[in-house]
Each structure stands twice: as C-alpha cells, then as structure tokens.
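The block underneath contains the structure these notes are about, expressed in structure tokens.
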Amino acid sequence: MIEYGSMDVSHILDSLNEPQRNAVASPASNLLVLAGAGSGKTRVLVHRIAWLLQAEQASPFSILAVTFTNKAAREMRGRIESLLGQSFSGMWVGTFHGLAHRLLRSHWREAGLVQDFQILDSDDQLRLIKRINRSLQIDEDKWPAKQCQWYINGQKDEGLRAANIEHFDDDYSKTMLEIYQAYEQACNRGGMVDFGEILLRAHELWLHNPQILSHYQKRFRHILVDEFQDTNAIQYAWLRVLAGTDNQMMVVGDDDQSIYGWRGARIENIQQFNVDFPEAEILRLEQNYRSTAIILQAANKLIANNQGRLGKTLWTEDGEGETISLYEAFNEQDEARFIVDRLQDWFGAGNRRSDSAVLYRSNAQSRELEDALLRVDMPYRIYGGHRFYERLEIKNALSYLRLLVSRDDDTAVERIINVPTRGIGGRTLELVRSLARSENCSLWQACVKSVNESHLSARAANAVLAFLELIDELDSACKQLQLHEKTEHIIANSGLLQHHEKEGGEKARARIENLEELVTAASNFDDVTIYVENHEQAPSETAAEFEPDSKAFLAAFLDQAALDAGDTQAQESDDAVQLMTLHSAKGLEFELVFMAGMEEGLFPHKMSMNNISGLEEERRLCYVGITRAKKKLYLSHAESRRLHGDVILCRPSRFIREIPDELVDEIRLKTSISHIPSRPDRNSRSLGRRVGGDIEIPETELSLGQRVAHGKFGEGVILNYEGQGPNARVQVNFDAAGSKWLVLSYAKLEVLA
DNA sequence: AAGGCAAATGTTTTT
DNA sequence: CATTTGCCTT
C-alpha cells in the first residue's frame, strides 16, 4: 500500500510506470509532459487530477481541465469519476470553446455581449460572409467567401481583430480587412459570436476585467491541458493569463503528433511554455503500451527525419511482432481489392472487424474502398462527412427552435423564412433585407414592418404574414411543453416533416430519421448541472427558471448543439471495419491498420510538400498513422491512380523509403497480371526512382513515369505523350506548376536520375 | 419555385 | 470522374 500523508493512494499510483507516477505525483508547480503515442497520456492526466483531489485534497472547484473535443472531455470526466467512485460537479472539464462559452454566458455584460447572444457555427458563418460580400458588392469569383472565412478565422486564431491588423496596400489585404470589419459589425449588431470569437472574447474578458480575472485565478489553482501541441495562439494566451504567477499548470502533449498547424495550432507553444515557466519540470513518457517493437521502430526512424524535435524515442517491453507489409498495387482498385482480401483473411481468422482500420490521407479515397467492401458485403463504418447537428434538416429544425428563443435571430430567419417554400422568393427577401438595413433592425422586425406598412405586393405580404403567424403560433403552442415535446411539435407543425416526406427517396427517408433522432437527442438533454453551474453567481434565481419547459433550457440545448456537433453516425454500428482519414485517427488504436495511398503527391499531399514545414507536418501525420497500429501494419500504394478523371502515374511515398528496409516485407501477388508493366523491384524503391519496364516514348530517351526538370516549371513526372521523336508532345506533372503539355523539341527537358 | 443543365471544383477538421 | 454549385429556364 502506498501512503501519502495518512491517505492510501495506491489505487491512483499502482497501475502506473515510473515516469507516469513521477508526473502524477510530482510536487512541481508546473509540469510539461512530453508523451509519445500510446504512452498513456490521458491516463496520466486522469490520474493526476485524481491525485490532486485525493492526495493533495484539492477542491474540485479548483480544477480546470481542457481537452480538444467534447468527446475527450466526457471521457476524461468519466474516467476520473470511475477511478475515484464519485462525481465532482465543481470541476470544469471541457474544450477551450466550451469553457470560454461558459464564461461568456456568466459574464455576458462584461464581455460586451447581449444576454441572448447566439453561436454561429462555420456554416452559419459562411452564409453570413456571403451575404456581407454581396452587400459590399465584392466579386465572389475573385474573393471566394470560403477564403474570407479562412482569413477571418485565421486572424482570430492569432488573437487579432480587424482594428489590430496593420493594413497593407495590396488588394488582398485591403479587401480582406474590409470584409473582416463589416463582418465584425454584423456580428455585433446581431449579437452573434463565431467559434473564434468565443475564444477572443474570453481572452478580452480577462484583460478588461481584472476583478473577474482575479476571481477565476483564485479559483482555478490547477490547470491541466491535453493535446497541448494543438493549441493556437489565442488559446495559449487565454491559459497564460489565467495561470498568472501562482497557479499550477500541467500541459501534456507530443510535438511529433502536431498535425493541425494548417488551422493555427502552434507547436512553438511548447517552447513558449518553457520560457514562461522556466522552473517547470519536464517529463517524458516514452514507454509505449500499444504497438509492437517493429512498428515503433518504423515510427521512430520515420520521425527522425524531422528537424527541431524535442526528441523522444518510443520503446516497448513487448516483442518484435510481425513485419510491416508493403503492397504495390497496379491501381486504386487493385489496392482496394488487396486491402479487402486481407481484411477477409483477418476476419476469417476469428478477429473482430472493429479492431481493424483503413486510413487514408483524403476523404475522396474512401469511395474505392467502400465499393470493394460493398462488393464482398463486409460491414464498415466510415468517419467524415456531416456531423449530426450540421445536417441540413437538423439545422433547419434548430432554426425554428432558435426563433422561439429570439425572433431577432437573423441567421435563423435567413435559413427558414422560405423552408419549406411558402412563396417568399429572392426578390421579397431582398426587400426585407434592405428594409432591415435602412431601419437598422432585425429581419423579423423588418418583416413585421413590411407587412404593416405594405411595402410588398399583396401576394408577397401574405406569404410573409403567413411566416410571421406560423412562428408565433408555434411559439404559443410550445410554451408549456418540455424540450423534446417542443422539438417534436416544431418538426410536425412547421411543415418540415411534410416537406421531406413529399420529397421522397432514400435521402429523404434518412432525413426524416434524423429529425426523429433530434427528438430523442432533445429528450436526452438533461445535463442540467452544466447550465446551473454557468450561473454560480446567482444559483437560486436561475435554477428555478431552469425547468425543462423554460426558454433557458431550450437555449442551453441550442448552445450545446452548436458547440458539440455530435457524431458522424447516429449509432455505433456493430462489428465493422473502420474507415477514416489519418487526421481523424489521432487518438485511436487498432490491432490491424492499413495505410492506403502512400504515394508522392497524395501522401505527402502535393499541397503540403513544397515547403519544409508542410512536409514535416505530413511526416508527423504519417507517424500518427503508423502508431495507430497495435499488431500489424500494411502500407500500400498504387502505380497509377485515377484522379480528377484522368489516370496519373504515382511514385511511392518518400515516407515508405524512410522506414528501414528490414522492417518491411514487400508483398507480391501469386498470380501476376500479364498486361501490367513489370514492377520496379525493391532495389529501385530504395534508390528512390522507377526503372525499366515502363512505356517508352518512341525515338526519345524518355518513358512514362520518368522524372524530368524544366527550366521554368521545375521538376515533374511524365504522365502521357502523343507522337514521337522531337515532335512528340508530353504531358508532365510538375511538382509545383501542375500538369502541362509540352512539345519536346521546345521544352528542353532534362532527364533526372 | 422547382427542376434541369452547365460550370466549377476536387487536403486534412474542431469548435 | 463525380459531386456540388449557381444560373437559367419553365
């Protein structure tokens, strides 16, 4: 029995290894834990919190733990509670956005918000930007709304408001800034906050309100952060301020698994932590409990190619395990067929399909795999695509509910004013919009005005009136109803259900099912504690109002729908093969893992392979993929692949070469297919080039798949040709410049080794 | 207001 | 190639 003081803490420390135990029971105020893949990262966090609560007798109210997803937050709270056998409602465990949102709801006034501010998800945000761009008369082709959204979110991730951005004189900067400004104004006018805004406001709340900051600084003595390598600038700044000089901070992360640089994550925050907390204790967790020695060795060797790592080498007490298998497929169909064959063998040997996963770089690759799986009737679960609360029909239903909370919710009005269609066309809507603009009022008010003051044709006025009356009717009918009854009533009486019913077809059936699922979700929404804790300042006052039939309850449901978009699939299907991108595989593990499409241009992706930081992030992604595998790893690549319609030749990914040969076995099919050009053998792969056997271009020294250099376009691969000799035209896919047709006699191509 | 057709577009994703 | 989008017709 391990005692701490007079407390028996063996249940917290017993199951841990030495470094894990050091982290969990560390007396240091600040801790940086560099935790390799599969080294028990979450476990250390969970046990550390348990340690604080029990051994150090910390109050649950003094603990704030941050994760990246709601799922991770739920899991963490659950694990702490099951470890200690009780629940701790005073503890804050959540995502950055969840926690920041909670602060803003409590301190809306100090944060400069209206009390019933609405959350914009990225879809709402994009629609708003489109509307703004239209009113600013911005050329949609030149400045796509998507790009503007990217810009705005990028600035917010860096903690920058429009007013803070120094303006440059080029077209791009000027236009983006103009849009950003207009967007900020629109959000403020409408009482809307997007995801980035939640973080930004929460940070400003600290800066502008010393008394509030000091309250939370005194409260949260223990701050714990998971996936620290994925924090962006504003998130770290927020943490930094909260930590102040006195609070204890434990951050856990793995610089080698940072794969979200493209959306603002900063690995440098790890170094910054060392600067900000120079006395912090640094611990490494390198013992891996997941994979075989061979898999770990492959991962270690691969990631060693990255510069500037903090340095970590995974090891295991387990055996070597099976070698990694490499398959060179003829094309993507062959690849899919190969994978499915192996999956069938695996399942036939008595294994569970759900212990296997196929990982790929981009979602488009799933199609071929799905086809192949469908053909042999093997169940699969595919991650990706629209999450539950992001689906069209769900968002529409939620918009009706939002109007019950506030009629002035323009986002909701825009969405459903004519869904289902009720004769309010583009022209009418435009009139209402401009009225709203000139009167500086909400769309709802503009609708009322336009009807009362007969700005509209009789027909249009009728349609608008019908909309206004419908919402009012729904509202009064819902007044006394419970949340799930409200939801049900809205779906049935808004016309949405009939709308989808008469639509017909497979898609519509799924939509109706989703709407039914929404009612279930509403009746499951009973997490009252979350809301009540939001209002710790005045619990007696608000708790009473917070009944399942209250407006506040509905608003809380809508908030959670916005902040936690739910799962991709309604229910976990039973034993099924898991298909997902490498990004979504982070944090998961499988006995058997396939990494498909290991080809230059696809993985590393061509958009990321031009600069070192992009390439290194791709390599980390590969590292993440490899370390998902517990027992057996297959890598595959195709010689040719159909991409955007035409067939391109592919070279094996450099990442394959970066794994030592002795860890890899190349699989060859027993029955070789005669019309396939002979494959380069293993030697050629090691040399990193394709040789022999390929189709030669007549009367030239070139052949398909050959690597060449061009004076202007740089290096590339020959994809196709027409004609022969000096007059031949060749299609070259340049690494940087893309695919071009060139006449040989003019192009002066240099043949590369 | 709905359906049809041409044009555009095609990394990764959470909140 | 396949899917989504926006524009144009009815």
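The chains referred to below are lettered A, B, ... by the order of the sequence lines, with proteins before strands, and numbering in each begins at 1.
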Side-chain N or O of A:Arg263 closer than 4.0 Å to phosphate OP1/OP2 of B:dT14: no
Mutual orientation of the aromatic rings belonging to A:His583 and A:Tyr260 [parallel < 30°, tilted 30-60°, perpendicular > 60°]: tilted
Separation of atom CZ in A:Arg641 from atom P in B:dT11, rounded to whole Å: 14 Å
Spacing of the C1' atoms in C:dA2 and B:dT13 (rounded, Å): 23 Å
Stacking of A:Trp262 on B:dT11 base (centres under 5.5 Å, planes under 30°): no
Close aromatic pair by centroid cut-off 6.0 Å: A:Trp92 and A:Phe220: yes
Most 5' of A:Arg422 and A:Ile259 on DNA chain B, judged by nearest nucleotide: A:Arg422
Spacing between A:Lys395 atom NZ and B:dT15 atom P, to the nearest angstrom: 14 Å
Side chain of A:Arg387 (C-beta onward), nearest among B:dT11, B:dT14, C:dC1: B:dT14
Candidate nucleotides B:dT14, B:dT13, C:dC1, ranked by approach to the side chain of A:Thr69 - the nearest: B:dT14
Sugar-phosphate, base or nothing in reach of A:Ile424, heavy atoms under 4.0 Å: sugar-phosphate
Closest nucleotide among C:dG6, B:dA1, B:dT13 to the A:Tyr260 side chain: B:dT13
Whole-Å gap separating C1' (C:dT5) and CG (A:Leu126): 12 Å
First encountered from the 5' end of DNA chain B, between A:His97 and A:Lys502: A:Lys502
P-based separation of C:dT3 from B:dT14 [nearest Å]: 22 Å
Aromatic plane relationship, A:Tyr172 with A:Tyr151 - under 30° parallel, 30 to 60° tilted, over 60° perpendicular: perpendicular
Short side-chain N/O contact from A:Thr581 to OP1 or OP2 of B:dT13, under 4.0 Å: yes
Integer-rounded Å distance: B:dT15 P and A:His386 NE2: 15 Å
Heavy-atom side-chain proximity of A:Leu242 to A:Leu64 below 4.5 angstrom: yes
Pair of N/O donor and acceptor under 3.5 Å linking B:dT15 base with A:Ser122 side chain: yes
Phosphate contact (B:dT13 OP1 or OP2) by A:Ser584 side-chain N/O below 4.0 Å: yes
Sugar-phosphate, base or nothing in reach of A:Glu618, heavy atoms under 4.0 Å: base
Sugar-phosphate only, base, or nothing, as touched by A:Glu227 at under 4.0 Å among non-hydrogen atoms: nothing
Whole angstrom value for the distance that separates P of B:dT15 from OH of A:Tyr389: 13 Å
Minimum-distance nucleotide to A:Arg367 side chain [options: B:dT15, C:dA2, B:dT13]: C:dA2
Selected nucleotide, minimal atom distance to A:Asn418 side chain, candidates B:dT14, B:dA1, C:dC1: B:dA1
Test: A:Glu368 and A:Arg337 ion pair at under 4.0 Å: no
Integer-rounded Å distance: B:dT14 C1' and A:Trp150 CH2: 12 Å
Nearest-angstrom distance from the residue atom CG of A:Asp371 to P of C:dC1: 15 Å
Side-chain N or O of A:Asn70 closer than 4.0 Å to phosphate OP1/OP2 of B:dT14: no
A:Ile424 backbone acceptor or donor facing A:Thr428 side chain under 3.5 Å: no
Closest contact, heavy atoms only, A:Ile416 versus A:Phe467: O-CE1, 4.1 Å
N/O (side chain, A:Asn363) to phosphate O (OP1/OP2, B:dT13) under 4.0 Å: yes
A:Arg102 CZ to B:dT15 P, straight-line distance once rounded to whole Å: 17 Å
Sugar-phosphate, base or nothing in reach of A:Gly384, heavy atoms under 4.0 Å: nothing
